[in-house]
Undergrad: 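Here it is: the structure, laid out below.
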2 protein chains.
Amino acid sequence: MKEFLKTKGFKMTPQRELIFRSFFELDEHVSVDELYDRVRQQDNSIGYATVWRNLKLICKVGLAEEVNIGDGITRYDRITKVPHGHLFCTVCKGVTEINVEQLVGLLAQAANSRGFTPDSFKIEVQGVCDGCHGKVEGNGQ
Amino acid sequence: MKEFLKTKGFKMTPQRELIFRSFFELDEHVSVDELYDRVRQQDNSIGYATVWRNLKLICKVGLAEEVNIGDGITRYDRITKVPHGHLFCTVCKGVTEINVEQLVGLLAQAANSRGFTPDSFKIEVQGVCDGCHGKVEGNGQ
DNA sequence: TCGCCAAATGAAAACGATTTTCATTTTCAA
DNA sequence: TTGAAAATGAAAATCGTTTTCATTTGGCGA
């Protein structure tokens with residue numbers, strides 16, 4: 001990783017190493033706050049801005065991307081080779097990934113036919129997950 | 001519209017009427033600021049909060065939904081019967097809609113097979129639109 | 001190894017869009 | 001007409017994000 005960053009013109013630091021490691025250990029879609037909390041457990045001298053900047057850096061070097069559900073909080077999602085979409089449960093706020101390879105193919109085709117060259121895709125579904133179906137019926141709000 | 005709102009428990013006011021009308025006249029995906037500016041041309045006494053609250057109201061009664069591209073600005077998009085996705089041009093910031101009826105069908109199927117009950121779909125593609133292809137090659141950044 | 005310079009860090013402040021508060025006005029059903 | 005509930009406008013509060021600035025650090029070249 002140090003070498004990888006060097007080729008991009010960035011330096012390695014203890015803080016950065018911890019932040020990167022923590023980020024990649026999680027398979028969740030973390031927010032700055034969440035990663036900050038996690039990183040703090042290892043080193044409580046790391047500043048919030050540092051976590052934020054490194055999350056941005058991870059995106060800049062192409063290892064993650066920002067995800068926006070619309071709740072006002074930006075999350076960071078590791079970029080994997082397989083294009084995937086997200087199922088957001090509006091009850092438990094959980095996120096599940098689904099493979100959308102074929103869908104992306106169709107989408108790209110549709111975009112291309114309109115002279116649009118796709119760069120990245122975002123496919124999100126909001127709804128209620130399996131585990132939350134019981135809960136919803138029971139409450140009024 | 002007045003009757004419609006009444007059934008939902010809301011009242012009609014001159015400001016509300018102007019805001020609703022202005023919103024539905026636009027087929028663009030407007031932000032609060034944009035709609036505020038537009039509404040102000042008709043009545044410069046309307047407050048920002050009123051425009052914001054009414055945009056939220058339009059969503060609450062199911063006539064629009066919030067769209068988030070990730071630029072930090074929430075836009076409001078009329079809900080139409082035909083599910084559609086968005087093509088966001090990263091060069092000119094333009095938005096084009098595409099029909100994604102079949103895609104949504106496939107998505108719903110995929111979600112259902114995992115016990116997930118879909119509620120709404122968000123399909124977004126970032127890339128370069130037809131008109132901007134020429135521009136991009138020319139500049140370094 | 002030493003010194004330098006660009007990059008990185010931490011704390012705090014700045015930003016900016018969104019949301020709330022509060023006093024006042026308005027709608028609308030009785 | 002009248003009262004209760006809802007809506008409005010202005011201003012302030014929120015809150016996540018981003019920048020500033022002084023200081024420290026990493027890592028290359030001498």
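In the text below, chain A, chain B and the rest are named by the order of the sequence lines, each starting its count at 1.
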Undergrad: Identify the heavy atoms of E34(A) and V30(A) that sit nearest to each other, and give their distance.
TA: OE1-CA, 3.2 Å

Undergrad: Does I123(B) belong to the same Ile/Leu/Val/Met/Phe/Trp/Tyr cluster as V95(A), with side-chain heavy atoms less than 4.5 Å apart forming each link?
TA: no

Undergrad: Please state how far atom CG in N44(B) lies from atom C1' in dA10(D), giving the value in whole angstrom units.
TA: 14 Å

Undergrad: Under 4.0 Å, heavy atom to any atom of DNA chain D: which of residues 32-41 of chain B qualify?
TA: none

Undergrad: Specify the separation, in whole Å, of atom CG of L18(B) and atom C1' of dG9(D).
TA: 15 Å

Undergrad: Hey, what do you get for CG (L5(A)) to CZ (R16(A)), rounding to the nearest 0.5 Å?
TA: 6.5 Å

Undergrad: Measuring from the side chain of F10(A) (C-beta onward, heavy atoms only), which nucleotide among dT9(C), dG10(C), dA8(C) has the closest atom?
TA: dA8(C)

Undergrad: So, taking the atom named CZ in F4(B) and the one named CE in M1(B), what distance separates them when rounded to the nearest 0.5 Å?
TA: 6.5 Å

Undergrad: Taking all non-hydrogen atoms of both residues into account, name the closest pair between L26(B) and R78(B) and its distance.
TA: O-NH2, 3.7 Å

Undergrad: Report the distance from atom CG of L55(B) to atom P of dA17(C), rounded to the nearest whole Å.
TA: 15 Å

Undergrad: Are any of the side-chain heavy atoms of L87(B) and C129(B) separated by less than 4.5 Å?
TA: no

Undergrad: Starting the side chain at C-beta, find the nucleotide from dC28(D), dT19(C), dG16(D) nearest to K6(A).
TA: dC28(D)

Undergrad: Can you figure out which of dT27(C), dA8(C), dG9(D) approaches the side chain of Q15(B) most closely?
TA: dG9(D)

Undergrad: In whole Å, I'd like the distance from the CG atom of D71(B) to the P atom of dT18(D).
TA: 11 Å

Undergrad: Could you state the NZ-C1' distance from K11(A) to dA7(C), rounded to the nearest angstrom?
TA: 4 Å

Undergrad: Check the phosphate of dT19(C) against K56(B), side-chain N and O only, distance under 4.0 Å to OP1 or OP2. Yes or no?
TA: yes

Undergrad: Would you say T74(A) places a side-chain N or O within less than 4.0 Å of OP1 or OP2 belonging to dT17(D)?
TA: yes

Undergrad: What distance do L107(A) atom CG and N112(A) atom CG have between them, rounded to the nearest 0.5 Å?
TA: 10.5 Å

Undergrad: Specify the separation, in whole Å, of atom CZ of R75(B) and atom P of dA17(C).
TA: 11 Å

Undergrad: Take the protein atom CD1 of I19(A) and the nucleotide atom P of dT9(C), then report the distance between them rounded to whole Å.
TA: 6 Å

Undergrad: Could I get a table of every N or O pair under 3.5 Å where one atom is in the protein and the other is in nucleotides 20-24 of chain D?
TA:
residue	atom	partner	partner atom	Å
dT20(D)	O4	R53(A)	NH1	3.2

Undergrad: Of the nucleotides dA7(D), dT9(C), dT19(C), which has the atom closest to the W52(B) side chain?
TA: dT19(C)

Undergrad: Passes side-chain contact (heavy atoms from CB on, under 4.5 Å), Y76(B) versus E65(B)? Steps please.
TA: CA-CA 6 Å; Y76(B) 296 79; E65(B) 65 183 345; over 6 Å; no

Undergrad: Checking contacts here: which listed nucleotide (dG9(D), dT8(D), dG16(D)) is nearest the side-chain heavy atoms of I46(B)?
TA: dG9(D)

Undergrad: Taking the minimum atom-to-atom distance to the side chain of T13(B), which one of dC28(D), dA7(D), dT19(C) wins?
TA: dA7(D)

Undergrad: Hey, what's the ring geometry for F88(B) with H86(B), parallel, tilted or perpendicular (30° and 60° as the breaks)?
TA: tilted

Undergrad: Are I46(A) and Y48(A) joined in one hydrophobic group, where the rule is that I, L, V, M, F, W and Y side chains link up if heavy atoms are under 4.5 Å apart?
TA: yes

Undergrad: Report the nucleotide, chosen from dT18(C), dT9(C), dA4(D), that has the shortest atom-to-atom distance to any side-chain atom of Y48(B).
TA: dT18(C)

Undergrad: Between D43(B) and G9(B), name the one whose nearest nucleotide on DNA chain D is closer to the 5' end.
TA: G9(B)

Undergrad: In whole Å, I'd like the distance from the CG atom of L5(B) to the P atom of dA6(D).
TA: 14 Å

